[in-house]
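In what follows, every chain begins at residue 1, and chains take the letters A, B, ... in the order their sequences are listed.
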Amino acid sequence: MTIFKSMQASIVGVLAELVNDGSLTLNAPMPSFVVEPPRDPSHGDLATNVAMILTKAAGKPPRAIAELLKPKLEALSNVIGVEIAGPGFINLRLKPEVWQDELKEILTRGLAYGDSDYGKRERVNVEFVSANPTGPMHAGHVRGAVLGDTLCNLMAKAGYDVTREYYLNDAGTQVDVLARTTFLRYREALGEDIGEIPAGLYPGEYLKDVGAALAKRDGAKWQGKDESEWLIPLRVFATSYILELIREDLALIGIRHDVFTNERELVENGTLDKAFKILEDKGLIYTGTLPPPKGKTMEDWEPVPLTLFRSSQFGDSTDRPLKKRDGVWAYIMPDIAYHYDKIQRGFGTMINVLGTDHGGYLDRIRPVVAAFSDGKARLDVIYNNIVKIFVNGVPVKLSKRSGNLITLREMVEQVGAGAVRFFMLTRAPESELEFDFAKVVEQTRDNPVFYVQYAHARCCSILRNAAELLPGQDLSAEALVGENISAIRSAEELALIRFLAGWSRAVEAAAAAREPHRVAFYLMDLAAQFHSLWNRGNDNAALRFIVPDDPALTRARLVLIKAVQTVIASGLAVMSCKPLEEMRNDRPEAA
RNA sequence: GCGCCCUUAGCUCAGUUGGAUAGAGCAGCUGCCUUCUAAGCAGCAGGUCAGAGGUUCGAAUCCUCUAGGGCGCGCCA
């Protein structure tokens, strides 16, 4: 239980007492109030809006309610001061021991500090990446991949039961194009001169490997054969080959999906037919004619009766065709069946991470999710904006056609996996993100990756130096937990502990909002506070963490350092970034 | 034409789901190194939160409208 939650519980108890003894009457259910750190530290340790929230239910002005609560709150054992401020905030000051105990809690729980039961083990399916299996991961995929994976880490830490899923589009025409290109590269591998790759096929060099692998496995088996014979086996061969590439690429940044669902399987095992029949049985399918789309001129449009789903019954702007005029399934049908499948597997909450260029996806799928689950299951989409790539400050135009693609592998090789991941989380999902290869490795204040890692490395450095100063002493977290830390009580130190204590709140809020970038910003704030405290020792040697002639004080301060290090590491773990223990040797201008 | 997203300091962006005097970095100016890592820190200056209404104890945040920008909008994939 966090300090905030336990104070909230205490306040609920106090309110119950006031209601019991008749001094407070509530004629409405109690709305939820918050206990949080005040924005201005001079306001105390904790602030609550409970008095303002209760004005309606209690029929009294906020400050009057606050006055009722004040004496009871002052009587709480951990509280040393209560002030009523502004429109009716109640500011609480706590004994320093409360915060000192929190430091020990951090050391005891280690990386698990900040874990929460907020999600109540609810099963959540997060679908992310789901790139077409036609080539390796490139810069355009990375943001969604990192966002999705970090969201999974975050939600798991916040107490959800998370499944990471990849939907493999291995049945569409793009995969046919892949098979045809593979066939060319296969002939090439067998010694044929294939010339230029024709327009409409994939020009990428990586398919040479696929062709060569096929030649190695099957020899001349397909040479001279008709497309009808090789198309399907080559599709299977090429997609599974490339999926393997994709998995290797994702592994470079620590991403591993739990479940891969194949579109082809859904088609072959009858899930599409089954999903369609269910909609039919619910009376949601009919034959009708749609009006022409507005604001867009379509030369070949003509009104034709089609098999339609009553999507508009579920809030959609129009009904949607599920079959084309020739009776073949429309493009969205596999996606519909896929979400039916997810619901069947027991997921009440589904999250898809998509680029903003998939704008209409949610509008089309949410209605079927509502139909299949009778409104019980929920689908959310996190749309992430584009990444603009810069090399030394110069924008790089990426294009599939020209083959000018920066691969995930190249990014990792140039700046490291941790830096790629962290940097992808330095903007809210809906903001455009500039990824500058030079800036990501820059060792300055305005590079957040460096700044946070530097804070962690500084903690490690202090612990190393302390170990030298205090030879033979056990400075492990287990040993430091027993230390007397009553000396950790300066305003700056307590402020830092208050911030550390907010880690769990930050995790819950970020998970609830599905905004992993908040973890990065939390760490940047924490690093700033820590660097600031560290520098106080520059002005005043007595404030340094290591005090050579006072081993006891030094050990007490090491508890704080260890706690900072732990929370940074815990946050980096959510982002799957490896914390650095030393950065000294990386100094570029070191002569 | 419709839908979604965006508009916050000169620039790039946060803003803890409605809280107290709106915050960082960069750029500009002023200080701090015989150092627990100055790769850093402290301070100054910089704002009509695009605009107009509304909701309430209280709005950058929620609602409506307007302006500007991005993305999407077929029986294509």
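Side-chain contact check for A:Asn385 and A:Glu430: no donor-acceptor pair (N or O, by modelled atom type) lies under 3.5 Å. Using modelled atom types, one finds no donor on one side chain facing an acceptor on the other under 3.5 Å when comparing A:Ser461 with A:Glu582. Between the side chains of A:Lys5 and A:Ser504, not a single donor N or O lies within less than 3.5 Å of an accepting N or O. Side-chain contact annotation: A:Asp446 with A:Thr444, donor-acceptor N/O pair under 3.5 Å present. For A:Asp319 and A:Ser311, the side-chain atoms include no donor-acceptor pair closer than 3.5 Å. Neither side chain, A:Thr134 nor A:Gln174, offers a donor N or O lying under 3.5 Å from an acceptor on the other.
B:G1 and B:G58: their C1' atoms are spaced 39 Å apart (whole Å). Spacing between B:A27 and B:G18 at atom P, rounded to whole Å, works out to 36 Å. Rounded to whole Å, the P atom of B:C41 lies 45 Å from the corresponding atom of B:G54. Only the P atoms considered, B:U12 is 29 Å distant from B:A59, to the nearest whole Å.
Among the nucleotides B:U17, B:A20, B:A77, the one closest to the side chain of A:Ala512 is B:U17. Candidate nucleotides B:A77, B:A20, B:U37 were compared by shortest atom distance to the side chain of A:Asn91, and B:A20 ranks first. Listed nucleotides: B:G72, B:G40, B:A20. Nearest to the side chain of A:Tyr451: B:G40. Looking at the side chain of A:Ser532, the nearest of the listed nucleotides B:A42, B:G40, B:C75 is B:A42. When distances are taken from the side chain of A:Ala47 to each of B:A77, B:A20, B:C76, the shortest belongs to B:A20. When each of B:C76, B:G15, B:G40 is scored by its nearest atom to the side-chain atoms of A:His517, the top-ranked nucleotide is B:G15. Of the listed nucleotides (B:A77, B:G40, B:U37), B:A77 has the atom at the smallest distance from the side chain of A:Thr173.
Within 4.0 Å of A:Val34, counting heavy atoms only, lies no atom of the nucleic acid at all.
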Side chain to side chain donor-acceptor pair (under 3.5 Å) evaluation trace for A:Gln565 with A:Arg458
CA-CA 9 Å; A:Gln565 179 202 32; A:Arg458 258 188 170 164; over 6 Å; no
Donor-acceptor pairs under 3.5 Å, side chain of residues 353-360 of chain A to any protein atom, not counting sequence neighbours: which ones?
none

Just distance, no hydrogens or angles: give the donor-acceptor pairs under 3.5 Å from side chains in residues 41-53 of chain A, sequence neighbours left out.
unit_1	atom_1	unit_2	atom_2	d
A:Ser42	OG	A:Asp40	OD1	2.9
A:Ser42	OG	A:Asp40	OD2	3.4
A:Asp45	OD1	A:Trp99	NE1	3.2
A:Asp45	OD1	A:Arg498	NH1	2.3
A:Asp45	OD2	A:Leu94	N	2.6
A:Thr48	OG1	A:Val34	O	2.9
A:Thr48	OG1	A:Val50	N	3.1
A:Asn49	OD1	A:Val34	N	2.9

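Summary of the strand contacts: A:Pro321 and A:Asn535 both lie near RNA chain B, and taking for each the nucleotide with the nearest heavy atom, the more 5' one is attributed to A:Asn535.
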Expected rows: protein N/O vs nucleotides 24-29 of chain B N/O, under 3.5 Å:
none

Write out a two-atom table: protein N or O, nucleotide N or O from nucleotides 6-13 of chain B, distance below 3.5 Å.
unit_1	atom_1	unit_2	atom_2	d
B:U12	O2'	A:Arg427	NH2	2.8
B:C13	O5'	A:Arg427	NE	3.4

For nucleotides 57-62 of chain B, print each protein N/O atom paired with a nucleotide N/O atom at under 3.5 Å, atom names and distance only.
none

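Close to B:C2, at under 4.0 Å from its OP1 or OP2, lies no side-chain N or O of A:Ser317. A close approach under 4.0 Å does occur between a side-chain nitrogen or oxygen of A:Lys324 and OP1 or OP2 of B:C76.
Taking a centre distance below 5.5 Å and an interplanar angle below 30 degrees as the stacking criterion, A:His358 does not stack against the six-membered base ring of B:G72. For B:A20, the base is stacked against the aromatic ring of A:Phe89, per a cut-off of 5.5 Å between centres and 30° between planes.
Between the side chain of A:Asn538 and the base of B:A42, no donor-acceptor pair of N or O atoms lies under 3.5 Å.
Secondary-structure annotation of RNA chain B gives the stems B:1-7 with B:67-73, B:10-13 with B:23-26, B:28-32 with B:40-44, B:50-54 with B:62-66, with a stem taken as at least 3 successive Watson-Crick or G-U pairs whose two distances both fall under 3.5 Å.
A:Arg445 forms a cation-pi arrangement with A:Tyr451, by the criterion of a distance under 6.0 Å to the ring centre and an angle within 45° of the ring axis.
Between A:Tyr383 and A:Tyr361, the distance from one ring center to the other does not fall under 6.0 angstrom. Residues A:Phe390 and A:Phe435 place their aromatic rings such that the two centres sit no closer than 6.0 Å.
The distance between atom OH of A:Tyr331 and atom P of B:C76, rounded to the nearest whole Å, is 10 Å.
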